[in-house]
Amino acid sequence: MAAAPAAPVAAAAAAAGHRFDFDVIVVGAGIMGSCAAHAAASRGARALLLERFDLLHGLGSSHGESRTIRDAYTDARYPPMVRLAARLWADAEAESGGRRVLTQTPLLSLGPRSSAEVLASIRNAAGAEEVDDLGARWGGAFRVPDGWVAAVSERGGSGVLNATEAVKMFQELASKKGAVIRDNTEVVGIRRGPAEGGGVVVTTSAGEEFRGAKCVVTVGAWASKLVKSVAGVDLPIQPLHTMVLYWRIKPGHERELTAEAGFPTFSSYWDPHHVYSTPSLERPGMIKINCHGGPPCDPDSRDFVSGGGDVAERVAQWIDEFMPGHVETAGGPVESLPCMYSMTPDEDFVIDFLGGEFGEDVVIGAGFSGHGFKMGPAVGRILAEMAMDGEARTAAEAGVELGHFRINRFDGNPMGNAKDL
């Protein structure tokens with residue numbers, strides 16, 4: 001995936017009689033952009049994938065060794081997208097020759113029975129069944145308060161995704177399909193192509209220009225900055241600095257909390273915080289337990305060490321209440337790694353045409369609000385179809401309703417879909 005100089009690409013396109021250097025230019029090579037480039041190239045499109053930093057960098061939201069995949073959502077509009085993504089994850093693993101980036105696990109959902117949010121998430125999870133013997137499962141790892149409900153799903157396609165390996169897989173698959181992939185290429189401008197030719201022109205900080213029929217923008221926490229600079233559109237997407245926390249498992253319980261032993265991915269709706277975890281997998285003797293969210297940040301000037309606020313203290317409080325016999329909190333987490341969310345006010349995605357002077361020539365995928373990675377292959381397929389076809393047939397066939405993700409939901413309403421809650 002070496003850099004492809006702009007001039008030879010343009011010359012080759014002209015020699016072949018193409019009006020554009022590329023059919024689809026994807027800006028941003030995290031999970032969404034890598035999946036979009038793969039989806040476009042798989043259909044024979046001449047695709048270009050541009051990344052501002054090194055490929056597989058750790059500065060955004062698509063790095064690390066574990067992301068959850070689950071269909072337990074309060075909003076019933078998300079499970080169809082998760083299930084579409086689960087099928088596409090499996091397809092990509094098969095296409096890559098049997099590489100495994102997904103480790104399947106049971107899914108455990110915990111929360112107060114009085115919470116409508118908790119009950120809805122359980123209802124929407126495939127195969128979820130309430131259990132009353134949680135204390136006897138997984139070595140008695142969980143201590144659940146009176147008045148709480150616990151539900152387990154063994155067949156909902158839940159599990160753990162290796163994030164960095166997943167991005168790498170889709171980039172390699174895209175490259176094999178003919179996509180050109182460039183890293184250390186910062187996009188600073190997107191403009192309409194000449195009136196006689198149409199399309200878009202993507203410019204870089206090095207002064208290169210690429211002509212494309214269509215453009216897909218998937219730049220994560222930088223979405224608001226880029227879209228504002230190229231189109232004057234204010235996307236209400238706030239980057240949040242969050243920390244990935246690994247905690248030591250107490251001696252004698254190490255195996256009980258492993259994926260190999262069948263320990264679940266879990267979510268705990270612990271008002272006002274949503275705590276989630278993956279089984280002990282990538283770091284033996286440790287378990288990842290995190291809290292959803294984090295303080296606002298500027299993606300270009302973050303405090304990578306302490307920018308996560310009091311998240312460790314909040315997670316430690318949860319552990320001491322719910323898993324005191326199995327996870328050690330004294331001294332805090334063993335390891336803390338930085339990550340970012342791109343948060344919309346309603347925590348719903350932005351998947352839409354940019355509109356305005358760009359019409360349907362520029363498609364935006366952004367604002368994935370800390371819960372989008374699992375849906376990367378589905379989102380990538382949808383973005384590629386929108387760019388190439390002007391509509392997303394795969395979404396319609398899978399029962400995924402995209403109207404919920406339009407940019408105009410914020411017109412005169414800064415809270416977007418949250419106004420309906």
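Within 6.0 Å of atom CZ in Arg302, more than 12 heavy atoms from other residues, nucleotides or ligands are found, so the atom counts as buried in its surroundings. More than 12 heavy atoms of other shown residues, nucleotides or ligands fall within 6.0 angstrom of atom CD in Glu391.
Note that NE2 of His57 and OG1 of Thr164 are 10.0 Å apart. Values are rounded to the nearest 0.5 Å. Interatomic distance, CE of Met323 versus CG of Leu257, reported as 5.0 Å (0.5 Å rounding). Rounded to the nearest 0.5 Å, atoms OG1 (Thr105) and CZ (Phe263) are 10.0 Å apart. Here OG of Ser369 is found 5.0 Å from CE of Met343. Values are rounded to the nearest 0.5 Å. Here the straight-line distance linking atom CD of Gln171 with atom CG of Leu49 works out to 6.0 Å at 0.5 Å rounding. Taking CG of Asn124 as the start and OG1 of Thr74 as the end, the distance is 7.5 Å to the nearest 0.5 Å.
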> Run the side-chain contact (heavy atoms from CB on, under 4.5 Å) check on Phe53 and Asp183 step by step: do they pass?
Replying inline: CA-CA 6 Å; Phe53 304 106; Asp183 63 356; over 6 Å; no
Test side-chain contact (heavy atoms from CB on, under 4.5 Å) on Phe368 and Ser62; report intermediate values, then the result. CA-CA 11 Å; Phe368 294 101; Ser62 292; over 6 Å; no
What do the steps show when you test Phe20 against Phe210 for ring pair (Phe, Tyr, Trp, His ring centres under 6.0 Å), and what is the final call?
CA-CA 8 Å; Phe20 305 106; Phe210 299 97; over 10 Å; no
- request: Check step by step if salt bridge (Lys or Arg N to Asp or Glu O under 4.0 Å) holds for Arg191 and Glu209.
  value: CA-CA 10 Å; Arg191 68 177 190 272; Glu209 292 192 345; 3.2 Å; yes
TODO: Kindly determine whether Tyr269 and His274 satisfy ring pair (Phe, Tyr, Trp, His ring centres under 6.0 Å), including the steps that lead there.
DONE: CA-CA 5 Å; Tyr269 301 85; His274 175 198; 5.0 Å; yes
Where do Phe142 and Arg137 land on the side-chain contact (heavy atoms from CB on, under 4.5 Å) test, with the steps shown first?
CA-CA 8 Å; Phe142 295 97; Arg137 295 178 181 235; over 6 Å; no
For this session: Assess whether side-chain contact (heavy atoms from CB on, under 4.5 Å) is satisfied between Ile190 and Val217, documenting all intermediate values.
Result: CA-CA 10 Å; Ile190 303 170; Val217 177; 3.8 Å; yes
Item to complete: Starting from the C-alpha separation in whole Å, work towards a yes-or-no answer on side-chain hydrogen bond (donor to acceptor under 3.5 Å, both in side chains) for Thr185 and Glu51.
Response: CA-CA 6 Å; Thr185 304; Glu51 170 54 51; over 6 Å; no
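Taking both residues in full, the closest heavy atoms of Pro377 and Phe170 are given as CG-CZ, 3.8 Å, listed atom of the first, atom of the second, then distance. Residue Gly293 comes nearest to Tyr341 through the heavy atom pair N-CE2, 3.0 Å, listed as atom of the first residue, atom of the second, then distance. Between Leu383 and Ala36 the shortest heavy-atom distance is CB-CB, 4.5 Å. Closest heavy-atom contact between His241 and Phe304: CE1-CA, 3.9 Å. Across every non-hydrogen atom of Gly380 and Ala39, the tightest pair is O-CB, 4.0 Å. Scanning all heavy atoms of the two residues, the minimum distance from Ala126 to Ser153 falls at O-OG, 2.5 Å.
With hydrogens and angles ignored, the 3.5 Å screen pairs no side-chain donor or acceptor of Thr242 with any backbone N or O of Met340. Here the side chain of Asp23 pairs a donor or acceptor atom with the backbone of Arg46 at under 3.5 angstrom. A donor-acceptor distance shorter than 3.5 angstrom exists from the side chain of Ser96 to the backbone of Glu93, with no hydrogens or angles considered. Side-chain atoms of Arg67 come within 3.5 Å of backbone atoms of His63 as a donor-acceptor pair (strictly under, hydrogens ignored). A donor-acceptor pair is defined here as one N or O able to donate and one able to accept, closer than 3.5 Å; no such pair exists between the side chain of Glu186 and the backbone of Arg52. No side-chain donor-acceptor contact under 3.5 Å links Asn162 to the backbone of Val101. A donor-acceptor contact shorter than 3.5 Å links the side chain of Trp247 to the backbone of Ile289. Remark: the backbone N or O of Gly30 is paired with a side-chain donor or acceptor of Ser34 at under 3.5 angstrom. In this structure a side-chain-to-backbone donor-acceptor pair under 3.5 Å is present from Thr344 to Glu347. Between the Thr218 side chain and the Met32 main chain, no donor and acceptor come within less than 3.5 Å of each other.
In this structure the side chain of Val216 never reaches within 4.5 angstrom of the side chain of Val27, judged on heavy atoms. Contact check for Leu48 versus Val24: no side-chain heavy atoms found under the 4.5 Å cut-off. A heavy-atom distance below 4.5 Å is found between the side chains of Asp300 and Trp222. In this structure, the side chains of Tyr246 and Ser66 come closer than 4.5 Å at one or more pairs of heavy atoms. In this structure, the side chains of Val144 and Leu110 come closer than 4.5 Å at one or more pairs of heavy atoms. Side-chain contact between His404 and Ile351 is absent, with no heavy atoms from C-beta onward closer than 4.5 Å. Residues Pro264 and Leu107 form no side-chain contact, since every pair of their non-hydrogen atoms from C-beta on lies 4.5 Å or further apart. Counting only heavy atoms from C-beta outward, the side chains of Asp352 and Ile364 never approach each other to under 4.5 Å.
For the side chain to side chain contact (heavy atoms under 4.5 Å, CB included) with Val363, the qualifying choice from Met386, Met388, Glu385 is Met386, the only one to do so. Applying side chain to side chain contact (heavy atoms under 4.5 Å, CB included) to Met286 and the options Leu281, Val334, Ile249 leaves one that passes, Val334.
Glu360 has no carboxylate O lying under 4.0 Å from a charged side-chain N of Lys214, or vice versa, which leaves the two without a salt bridge. Lys225 has a carboxylate O that lies under 4.0 Å from a charged side-chain N of Asp298, or vice versa, which qualifies the two as a salt bridge. Taking the charged nitrogens against the carboxylate oxygens, Glu130 and Arg113 do have a contact shorter than 4.0 Å, which makes a salt bridge. Salt-bridge formation is detected for the pair Arg283/Glu335: a Lys NZ or Arg NE/NH1/NH2 atom is positioned less than 4.0 Å from an Asp or Glu carboxylate oxygen. Taking the charged nitrogens against the carboxylate oxygens, Asp348 and Arg406 have no contact shorter than 4.0 Å, which rules out a salt bridge. Between Glu172 and Arg99 there is a salt bridge, with a side-chain nitrogen of the basic residue lying less than 4.0 Å from a carboxylate oxygen of the acidic one.
A distance below 6.0 Å separates the ring centres of Tyr73 and His371. Between Phe405 and Tyr78, the ring centre distance stays below 6.0 Å.
Within the cation-pi definition used here (under 6.0 Å to the ring centroid, within 45° of the axis), Arg143 does not qualify as a partner of Phe322.
Residues satisfying the side chain to side chain contact (heavy atoms under 4.5 Å, CB included) test with Glu129, not counting sequence neighbours, are none.
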